[in-house]
Amino acid sequence: MERIIALLCRRVGDILKGEPFSVYIYGSYVLSDMRPGWSDIDVLILTENPLSQTRTEALLSLRQRLYAETGDERCLAFEGGITDISSLTLGGDNLSVYWGTGKERLTKGYAPDVFAMHQLFSSGRLVFGSDVREYLPRPGREDILEGVLRHYGTIRKYVTETKRSLYSFGWMLDISRCLYTLKKGGLICKTKAALWALEEGLCPVPDALFAALEVRRDTALINVEKYAVLSENMAPFIQRYADVLGTELEKFKQPKRLTVGDDLPVTSRKYRCRGIVCREGKYLITDQQKVGYCLLPGGGIEPGESPEECIVREVSEEAGLIAEIGLPYLVLTERYGGEETVSRFYSVQIKGTCEKLLTESEIEKGTVTRWVDKAELTNIFGSYGDYAHTNEDKYRVYLREYTGIKAFFDTEGESL
């Protein structure tokens with residue numbers, strides 16, 4: 001397989017003619033769960049600059065040409081997309097290529113789903129070019145939860161009957177992996193997820209899940225009458241297992257999502273995290289005394305860092321506190337003049353102390369942390385309107401913080 005992957009990279013290079021690009025392989029192949037006749041070889045190819053019409057058309061049929069060149073059917077198993085970095089990071093509509101199961105097409109922009117992006121960061125393997133993952137948005141827990149919700153909705157809507165196909169068993173494995181992700185926070189291969197679910201006694205129809213595992217291990221079993229008939233009658237078992245997933249999903253609450261600002265096209269995007277830290281009725285703020293700004297604890301997400309890692313790090317560095325968090329309660333998108341900032345707000349619990357580690361910039365601004373009561377917290381950031389015509393930056397910063405504070409108390413059932 002490595003020979004085929006290397007050949008893919010060479011042929012992409014022939015088409016791009018010196019254009020910098022990166023190739024990632026992820027999914028079942030990297031996780032050692034590749035199953036002939038079942039699994040695809042997930043691939044993401046990112047170019048530095050937008051693709052031309054000529055190049056996208058040449059890339060579109062590359063899988064077929066590789067197969068003609070080698071006679072190896074695994075060349076047809078590559079699945080994923082080819083796009084430029086800006087289209088992926090900014091949601092652009094530049095010409096891109098999508099390789100699906102048995103079909104391919106030209107698209108305007110391409111973005112892997114949240115599970116693929118999670119795997120890209122957690123276990124994806126760079127096989128050619130420079131590692132550009134630091135420029136890509138890493139999914140947060142709420143993104144993964146949303147992906148599980150969408151998958152759950154698909155199961156409920158479409159899996160009312162099944163056909164004589166090995167893919168009918170795949171739904172059982174998908175539910176197992178979704179359950180693992182919700183309970184453990186990670187993402188593992190389908191085979192391991194199903195084994196884990198059986199060991200944990202999560203599946204109400206374990207025989208059906210065990211049969212799905214057997215077919216995944218040996219796809220020829222679909223031609224055995226016992227399994228063929230079962231595949232046609234899997235829908236009730238899938239829905240019973242989906243009941244378990246639905247019950248687990250009820251434990252999680254999706255964050256509120258708000259957008260403020262203008263409607264100009266987005267040309268740049270930043271990701272940040274903020275935290276509401278409460279202790280004994282007091283709330284933590286950072287006070288930049290030399291420049292006259294107050295802020296909630298938080299900051300920008302560093303390259304390759306998850307949103308959860310960001311807020312834990314920021315609270316540690318700014319306040320010397322060890323944070324514990326769950327899902328964000330608010331995702332706020334600000335758009336001004338083509339610049340977009342996406343801020344996740346978390347409710348932060350404190351479980352210990354550590355050494356502060358302020359940056360030079362924070363030291364120069366005279367940054368200190370202090371605890372304030374609810375009235376002072378809302379008075380400070382509720383004054384954003386005072387700066388609407390005198391200090392646009394401070395107006396936007398305080399409006400952002402106040403929006404996060406209001407959403408926090410809304411979730412607590414309190415008014416400001």
Side-chain angles (χ1 to χ4, degrees), residues 1 4-5 7-16 21-31 33-47 50-84 87-88 91-120 124 127-128 147 150-151 153-155 157-171 173-174 177 189-190 215-216 219 222 231:
M1 192 63 230
I4 297 298
I5 294 173
L7 180 62
L8 168 72
C9 296
R10 289 200 298 273
R11 295 296 176 257
V12 171
D14 292 342
I15 294 170
L16 296 181
F21 68 96
S22 302
V23 180
Y24 294 93
I25 301 293
Y26 60 95
S28 58
Y29 177 72
V30 175
L31 295 173
D33 195 33
M34 187 78 179
R35 296 292 184 266
W38 191 310
S39 305
D40 299 305
I41 305 165
D42 297 299
V43 60
L44 176 64
I45 302 175
L46 295 173
T47 62
L51 293 163
S52 67
Q53 180 76 35
T54 301
R55 286 176 173 174
T56 52
E57 289 175 353
L59 291 165
L60 186 67
S61 58
L62 180 57
R63 293 187 299 179
Q64 288 79 4
R65 295 202 308 278
L66 288 173
Y67 173 58
E69 180 180 346
T70 64
D72 193 326
E73 291 188 352
R74 291 176 298 178
C75 296
L76 302 174
F78 286 113
E79 182 172 320
I82 308 171
T83 191
D84 62 284
S87 286
L88 181 55
D93 59 359
N94 294 330
L95 271 177
S96 305
V97 173
Y98 169 69
W99 289 340
T101 303
K103 60 183 178 181
E104 52 280 321
R105 66 177 184 271
L106 297 182
T107 67
K108 290 186 176 181
Y110 171 79
D113 67 24
V114 66
F115 298 111
M117 288 298 292
H118 188 285
Q119 290 182 55
L120 187 69
V127 295
F128 185 88
R150 283 197 298 268
H151 199 64
T154 297
I155 294 169
K157 183 175 181 179
Y158 294 107
V159 190
T160 56
E161 59 182 22
T162 53
K163 298 179 180 179
R164 183 172 291 214
S165 166
L166 62 88
Y167 295 112
S168 297
F169 293 105
W171 296 106
L173 306 178
D174 290 341
R177 190 162 67 166
C189 70
K190 294 179 180 180
V215 174
R216 183 164 179 83
T219 55
I222 195 62
S231 70

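Everything numeric in this text was worked out from a predicted model, so none of it was measured. Side chains included, hydrogens not; waters and symmetry mates left out as well; all remaining heavy atoms used.
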Run the numbers on Phe78 and Ile5 for side-chain contact (heavy atoms from CB on, under 4.5 Å), then give the verdict.
CA-CA 9 Å; Phe78 286 113; Ile5 294 173; 4.2 Å; yes
Please determine whether side-chain contact (heavy atoms from CB on, under 4.5 Å) holds for the pair Ile41 and Ile25, giving the CA-CA distance in whole Å, both sets of side-chain angles, and the decisive distance to 0.1 Å.
CA-CA 7 Å; Ile41 305 165; Ile25 301 293; 4.2 Å; yes
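The ring pair (Phe, Tyr, Trp, His ring centres under 6.0 Å) check on Trp171 picks up His151, with sequence neighbours excluded. Residues satisfying the salt bridge (charged side-chain N to carboxylate O under 4.0 Å, His left out) criterion with Arg11, sequence neighbours excluded, are Asp14, Glu69. Scored by the side-chain hydrogen bond (donor to acceptor under 3.5 Å, both in side chains) test, Tyr24 finds Asp131 as partners (sequence neighbours excluded). Every residue meeting the side-chain hydrogen bond (donor to acceptor under 3.5 Å, both in side chains) condition with Ser61, not counting sequence neighbours, appears here in chain and number order: Arg65. Taking the side-chain hydrogen bond (donor to acceptor under 3.5 Å, both in side chains) definition, one finds that Glu161 meets it with nothing, sequence neighbours left out. Listed by chain and number, the residues in a side-chain hydrogen bond (donor to acceptor under 3.5 Å, both in side chains) with Tyr98 amount to none (sequence neighbours excluded).
Side chains of Trp99 and Asp40 form no contact here, defined as non-hydrogen atoms less than 4.5 Å apart. Leu106 places a side-chain heavy atom less than 4.5 Å from the side chain of Gln53. Put simply, the side chain of Cys75 reaches to within 4.5 Å of the side chain of Thr70, judged on heavy atoms. Counting heavy atoms from C-beta on, the side chains of Leu46 and Thr83 come closer than 4.5 Å.
Without hydrogens or angle criteria, Thr47 side chain to Ile45 main chain gives no donor-acceptor distance under 3.5 Å.
Using modelled atom types, one finds no donor on one side chain facing an acceptor on the other under 3.5 Å when comparing Ser168 with Ser231.
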